[in-house]
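We use all heavy atoms of the structure for the numbers below, so side chains are in, but hydrogens, waters and symmetry mates are not. Given the structure is predicted, the values throughout are model-derived calculations rather than measurements.
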Amino acid sequence: MGGASARDDVGAAGGVTRRMRLPGTPVSSVYLHAPFCARRCFYCDFAVEVRRVGDLAEWSGAIEREVALRAEEGLVLADRLRTLYVGGGTPSLLGPDAMAAMGSVLGADRLSDPDLEWTAEANPESFTRAVAEGWRSAGVTRLSLGVQSFEEEVLGWMGRLHGAAGALAALDTARSAGFEEVSVDLIFGLPEGVKREWSADLDRVLKLGVPHISLYGLTAEQGTGLGRRVTQGELRMPDDERYRAEYLEAHHRLTDAGYRHYEVSNFALPGSESRHNRVYWSGDPWLGLGNGAHSFVPPLRWWNTREWAAYRDALLADRDPSDGREVSEGASDRLERIWMGLRTAEGLSLREWPNSVEGCIEEWVDRGVASRSGRRVRLNAEGWLLLDTLTLEFDRAAG
């Protein structure tokens, strides 16, 4: 089995100096990263390239080269994919032909499974009728809209280019094009001093009747505008109590309305859960294509250089754009398996763990942060607020 330790043989120009040898396990889930954004949001730490219009030919050409390179390294794409996710960045900046172009790169036969879940992300301001119809015609089955809030002041503070009306118009456009599976993203936990009625945003999203809602707590990442202002003392992130209150309010409001809180950040009406995200949580293999994308074909993980230009130039020079790789094993692998299991509503199976964890689980149940059913432990919403801490507690108990 080929493999190397993390960041082995990584060249200074963003490509590795020798080719990897990848496991031959068939991969049926693919993530595609579209890097272009018209503006970098105040809080964004993603691998994006700021451009007013995305360059479809440049992007699809780079993705096609990476697909060919991974095949040379031994990667086996399944004859038919089960899930395909196009994220960003802002994929909708690439226009109405973007998804058809990806179909050509990956192969029409691979995208012919009638049960394929094909998700694409879009921002409301660039999700036009032409984009919606082009994507639907290409075979996209699921849309994720980056709404974040329905309040004008909040959207302006974030640096979003759409207003509340734009979000509603984008949803109408999606529905008129035939998209039944639509997810809406919302951000909570804004800094003190930012005027925002979280309850009102929850009211609005519930009225929309979308089948899937993703909630993300805002974090002040280093290197972002938000991170710098927090470090300089100009902004203060919310205290734990307000963060907890907003998360639990969302949990109660959405579950009372019939949504299933099936993962830390995700709520779905029955049957509308994201199948692609389940691949990550379950430890199944996936291929990530594009700058900053991560891949996992057990036991090997690798990740591409974050900068778009470095990624593109490496491929143009027939170099591997990977920025690092590692074999998933030992303590770090065990910790990730615990963390991934505890973050879902299915919980963590206890069959592979020693009896020494029993006391830890009993304590969680007594504290009201988890439930136990046979050989499985499940965190509740209170427990998910403590996910990192509880993961470490379980790991220590496991010895």
Side-chain angles (χ1 to χ4, degrees), residues 22 27-37 46-49 51 54-71 73 75-78 80-113 116-123 126-127 131 134-146 181 183 185 274-280 284-297 301-312 314-315 320-323:
L22 301 179
V27 177
S28 58
S29 290
V30 174
Y31 171 81
L32 291 166
H33 184 72
F36 306 113
C37 276
F46 295 159
V48 302
E49 172 82 1
R51 295 188 187 179
D55 190 325
L56 176 56
E58 186 179 43
W59 179 64
S60 61
I63 296 295
E64 186 170 23
R65 289 185 184 92
E66 189 181 359
V67 170
L69 180 144
R70 298 306 176 208
E73 295 169 339
L75 184 98
V76 178
L77 273 181
R80 288 191 173 185
L81 297 183
R82 292 187 296 116
T83 69
L84 172 61
Y85 194 107
V86 186
T90 310
S92 45
L93 273 184
L94 290 162
D97 299 327
M99 301 304 144
M102 286 304 97
S104 297
V105 168
L106 294 172
D109 287 346
R110 286 202 177 94
L111 304 180
S112 63
D113 191 324
L116 170 70
E117 179 193 82
W118 183 350
T119 304
E121 294 181 351
N123 280 349
S126 53
F127 189 65
V131 169
W135 288 11
R136 193 74 188 93
S137 176
V140 177
T141 63
R142 186 174 179 274
L143 188 70
S144 178
L145 284 175
E181 294 295 331
S183 179
D185 290 351
S274 169
R275 288 193 281 121
H276 183 83
N277 286 343
R278 285 182 181 275
V279 172
Y280 302 145
D284 290 342
W286 79 87
L287 172 65
L289 300 167
N291 59 300
H294 287 233
S295 300
F296 178 52
V297 183
R301 301 181 185 277
W302 69 94
W303 49 95
N304 289 339
T305 185
R306 281 176 56 87
E307 297 301 322
W308 162 250
Y311 165 82
R312 176 202 60 205
L315 288 164
D320 188 336
S322 301
D323 193 37

Test log, rule side-chain contact (heavy atoms from CB on, under 4.5 Å), inputs T141 and L116: CA-CA 8 Å; T141 63; L116 170 70; 5.8 Å; no
Residue pair W302, R70: steps toward the side-chain contact (heavy atoms from CB on, under 4.5 Å) verdict: CA-CA 11 Å; W302 69 94; R70 298 306 176 208; 3.6 Å; yes
Y85 and E117: CA distance, side-chain angles, deciding distance, side chain to side chain donor-acceptor pair (under 3.5 Å) verdict: CA-CA 8 Å; Y85 194 107; E117 179 193 82; over 6 Å; no
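One distance of note links OG of S28 with CG of L287; it measures 11.0 Å at 0.5 Å rounding. Expressed to the nearest 0.5 Å, how far CG of D185 lies from CG of L145 amounts to 8.5 Å. Atom-to-atom distance recorded for L93:CG and N123:CG is 7.5 Å, nearest 0.5 angstrom. The distance from atom CG of L32 to atom OG1 of T119, rounded to the nearest 0.5 Å, is 11.5 Å. A distance of 8.0 Å separates CG in L289 from CG in N304, rounded to the nearest 0.5 Å. Atom CD of E66 sits about 8.0 Å away from atom CG of D320, to the nearest 0.5 Å.
Side-chain atoms of E73 never come within 3.5 Å of backbone atoms of L22 as a donor-acceptor pair (strictly under, hydrogens ignored). Distance alone, capped at 3.5 Å, places no donor-acceptor pair between the E121 side chain and the P91 backbone. Side-chain atoms of T305 do not come within 3.5 Å of backbone N or O of D323 as any donor-acceptor pair.
Scanning all heavy atoms of the two residues, the minimum distance from W59 to W308 falls at CA-CH2, 3.8 Å. Heavy-atom minimum distance, A100 versus A138: N-CB, 3.6 Å. L315 approaches P321 most closely through the heavy-atom pair CD2-CD, 3.9 Å. Here the closest heavy-atom approach between residue L56 and residue A101 is recorded as CD1-CB, 4.1 Å. The nearest pair of heavy atoms linking S29 to L81 is N-CD2, 4.4 Å. Nearest heavy atoms, A57 versus S60: O-OG, 3.4 Å.
In this structure, H276 and Y280 have perpendicular ring planes: the angle between them is above 60°, well past the 30° mark.
Partners of R312 under the side-chain hydrogen bond (donor to acceptor under 3.5 Å, both in side chains) rule, at least two apart in sequence or in another chain, are E58. For A120, the side chain to side chain contact (heavy atoms under 4.5 Å, CB included) criterion is met by V86, M99, W135, V140, not counting sequence neighbours. Residues meeting the side chain to side chain contact (heavy atoms under 4.5 Å, CB included) test with D284, sequence neighbours left out: R82, V279, S282. Residues passing the side chain to side chain contact (heavy atoms under 4.5 Å, CB included) test with A47, sequence neighbours excluded: H33, N291, R306. For the side chain to side chain contact (heavy atoms under 4.5 Å, CB included) test, residues two or more places apart in sequence or in another chain that qualify with E181 are R142, P211, S272.
Using modelled atom types and a 3.5 Å distance limit, the side chains of R51 and T90 yield no donor-acceptor pair.
Residue pairs satisfying the ring-ring contact (aromatic ring centres under 6.0 Å, His included) criterion with at least one member in residues 87-112, sequence neighbours excluded, are absent.
Aromatic ring centres of Y31 and W286 lie farther apart than the 6.0 Å criterion allows.
Crowding of F46 atom CZ: a count of heavy atoms from other residues, nucleotides or ligands under 6.0 Å not exceeding 12.
The shortest distance between side-chain heavy atoms of V67 and L106 falls below 4.5 Å.
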